[in-house]
Amino acid sequence: MSERTFVETSIRPTRIVWQPGDIEVPQDQDYLLRGASATGLVFDFGVEFFGELQVSVGGIVGAESATLDVRFGESMAEVLGSAYIEKRIKIRPDSVVRLGKTGFRFVRLETLDEGVTVELDRVMGVSTQRPLEYLGAFNSSDERLNRIWQVGAYTVQLCMQSRVWDGIKRGRSVWIGDLYPEAMVASVVFGEQPVFAESLDEIRDTTVAVDPEELGWMNGISGYSLWWLLTHHQWYLYHGNRDYLEDQRTYLRRLIPKLLRAIDSDGREQLDGWRFVDWAIERPHDHRAAHAGYQGLFAWALQAAGSLCEILEEPKLQQDCLAGGQQLARHIPPNETNKQAAALLVLGGLVDPQEVNRDLLSKSPCEGLTPFLTYPVLEARSLAGDISGCLELSRDYWGAMLDLGATTYWEDFDISWVTNTARIDRIAEEDEREIPIGFGRCQPGVALSLCHGWSCGVTAWLTNHVLGVRPSQPGSSVIEVRPSLADLEWVEGSFPTPHGVVRLRHTRTRDGRVTTDIDAPAGVEVSHVTGTQSE
């Protein structure tokens, strides 16, 4: 990938956070570090970004050179403790050093040399990201929802590096399950971006290369091969790139039969490999909940696969997908009171959405969730018509991360983390808990990623269900518009298509009706518009 695809932007610290033993900064230089005094400086850049740190060194008093200890962190707790990324470098007077690259918001600088003082003329962050235009937009009468949408869009933008990464600090790899919500967000914010096709194909080709004779599972996870199907189905529906879909024909001809062999005579899925659903199921090793989730995910993915086969004019494979879905419908496992598994059963068409929402999803709605599969929970609750409940969940769950100081969404989050926990942008009090210390079911402690693309599905959900716009024909040639304002007075925004940007505004009138104004480009047909009462 050409480096010209990316832009570098200098970011100044928004504040300096001093540790105990504060040192007064002389007025003739910006910052002063004194060796072995257990002080150092912590810089807050105000927002998480991916990139490097650039330090301009002035004078060094007491030695010809000095050792600079640099700790990068996504939270104050990380840089004040044992950081996931820590560098030690030799610096000389009147020099400029640049180091990274990683995802960070905070940096701690110390010099470790006894009796040495280092004068720093300048400390800057250097952000590296794709210069993407926000073609999609969401704005409403609720500023909290607006911020929730924006943070999800920004998180996915940061993860769109040489490939679409899972996170920008740790991992930095393509994971197909993660790619599904990232692709959905990108589709409603940035439109078709080639890096998604490159990422999907990289894992496809890697999977084939491992054993050309026996097709393996993507990322070693059988469920991720199902997410690959779902991602391709949605990607084609949004962007309509027939040539790209045609490139998947050979792989589909191998993957679908392999999947169908994993359905037993009773209709139970028997997928092998790593049976990962999400971390809330994985860490307790809840095999029954994992089976329920896989049964629903499998049925949902076969619906997508059947649609792809219809488009590609593969009637035998299409019929096989239909038959496989019918076979799976013979076995409906209990959801084990697991919200994620229940949501996947709903999306697979195996259980009644209103019943599941009433009996499980609407009860203590934030409890037991993870950022990855709360997106399917929103979708399942939407099928039950509970838009008000979805908005409450969005405000309370994703909003809780914002309340804790997040500027990007986290790899893992449980609503219980809110209790007696310091914001990530300040030093904790003695009796407060600190994020990420002691937190995280996926990668505990400082390895926990606080910028993770799989956590951003709420952005796509708000566009699809509240702004109420989504494609109903490939390439967004026909879009369906069904706004659901619930308790909102108005919502407006835009939606990118291959034909241009659709702009919409919905306003509640005094009698409770919703009026809609749409500006759609040529080539886009609006199939349905409805005003709604409060849901």
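Keep in mind the model is a prediction, meaning the values are calculated, not measured.
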[atom1] of [X] to [atom2] of [Y]: how many Å apart, nearest 0.5 Å?
X: Ile332; Y: Leu350; atom1: CD1; atom2: CG; value: 4.5 Å
X: Thr155; Y: Met160; atom1: OG1; atom2: CE; value: 12.5 Å
X: Ser141; Y: Arg508; atom1: OG; atom2: CZ; value: 8.5 Å
X: Gln303; Y: Leu322; atom1: CD; atom2: CG; value: 10.0 Å
X: Leu229; Y: Thr231; atom1: CG; atom2: OG1; value: 8.5 Å

Between [X] and [Y], is the ring centre distance below 6.0 Å?
X: His239; Y: Tyr244; value: no
X: Phe413; Y: Tyr397; value: yes
X: Trp165; Y: Phe50; value: yes

Shortest non-hydrogen contact between [X] and [Y], atoms and distance:
X: Gly453; Y: Cys159; result: N-SG, 3.6 Å
X: Asp264; Y: Gln270; result: OD2-NE2, 3.2 Å
X: Asn335; Y: Leu345; result: CB-CD1, 4.1 Å
X: Arg172; Y: Asp166; result: N-OD1, 2.9 Å
X: Arg249; Y: Arg242; result: NH2-NH2, 4.3 Å
X: Ser449; Y: Arg170; result: N-NH1, 3.7 Å

So, the side chain of [X] versus the backbone of [Y]: is there a donor-acceptor pair under 3.5 Å, distance only?
X: Asn146; Y: Ser140; answer: yes
X: Lys339; Y: Pro365; answer: no
X: Ser199; Y: Val164; answer: yes
X: Thr497; Y: Ser476; answer: no
X: Asp272; Y: Ser222; answer: no
X: Ser477; Y: Val524; answer: no
X: Tyr238; Y: Pro498; answer: no
X: Ser187; Y: Gly191; answer: no
X: Arg482; Y: Val469; answer: no
X: Thr421; Y: Thr419; answer: yes

Glu432 atom CD, neighbour heavy-atom count above 12 within 6.0 Å: yes

Working for ring-ring contact (aromatic ring centres under 6.0 Å, His included), residues Trp235 and Phe196: CA-CA 9 Å; Trp235 197 251; Phe196 279 87; 5.2 Å; yes

Step-by-step salt bridge (charged side-chain N to carboxylate O under 4.0 Å, His left out) determination, Arg105 to Glu48: CA-CA 4 Å; Arg105 171 179 170 178; Glu48 174 136 356; over 6 Å; no

Test salt bridge (charged side-chain N to carboxylate O under 4.0 Å, His left out) applied to Asp403 and Arg423, step by step: CA-CA 7 Å; Asp403 292 341; Arg423 287 173 56 97; over 6 Å; no

Intermediate values then yes/no, side chain to side chain contact (heavy atoms under 4.5 Å, CB included), Leu271 and Leu259: CA-CA 8 Å; Leu271 293 162; Leu259 288 169; 4.0 Å; yes

Arg204 and Gln248: CA distance, side-chain angles, deciding distance, side-chain hydrogen bond (donor to acceptor under 3.5 Å, both in side chains) verdict: CA-CA 9 Å; Arg204 178 201 65 196; Gln248 315 310 316; 2.9 Å; yes

Please determine, by modelled atom types, if [X] and [Y] share a side-chain donor-acceptor pair under 3.5 angstrom.
X: Tyr180; Y: Gln234; answer: no
X: His465; Y: Arg470; answer: yes
X: Gln295; Y: His331; answer: no
X: Trp274; Y: Glu282; answer: yes
X: Trp398; Y: Ser455; answer: no
X: Thr516; Y: His506; answer: yes
X: Arg381; Y: Asn357; answer: yes

Side chains of Val277 and Tyr294 in contact at under 4.5 Å (non-hydrogen atoms): yes

Contact check, side chains of Asp519 and Val502, non-hydrogen atoms, under 4.5 Å: no

Salt-bridged, [X] to [Y], with N to O below 4.0 Å?
X: Arg513; Y: Asp511; answer: yes
X: Asp320; Y: Lys316; answer: yes
X: Asp386; Y: Arg358; answer: no

Mutual orientation of the aromatic rings belonging to [X] and [Y] [parallel < 30°, tilted 30-60°, perpendicular > 60°]:
X: His452; Y: Trp454; answer: perpendicular
X: Trp417; Y: Trp410; answer: parallel
X: Phe372; Y: Trp227; answer: tilted

Residue of the set Leu448, Asp178, Thr370 for which side-chain contact (heavy atoms from CB on, under 4.5 Å) holds with Glu411: Leu448

The single option from Asn139, Leu462, Val491, Val188 passing side-chain contact (heavy atoms from CB on, under 4.5 Å) against Leu467: Val491

Working for salt bridge (charged side-chain N to carboxylate O under 4.0 Å, His left out), residues Asp414 and Arg441: CA-CA 9 Å; Asp414 188 277; Arg441 289 161 287 196; 3.7 Å; yes

Quiz item: cation-pi between Arg503 and Phe495, 6.0 Å / 45°: no

Results of side chain to side chain contact (heavy atoms under 4.5 Å, CB included) for Arg330 - residues two or more places apart only: Gln327

Stepwise salt bridge (charged side-chain N to carboxylate O under 4.0 Å, His left out) test for Glu78 and Lys169: CA-CA 12 Å; Glu78 185 175 354; Lys169 179 180 77 173; 3.3 Å; yes

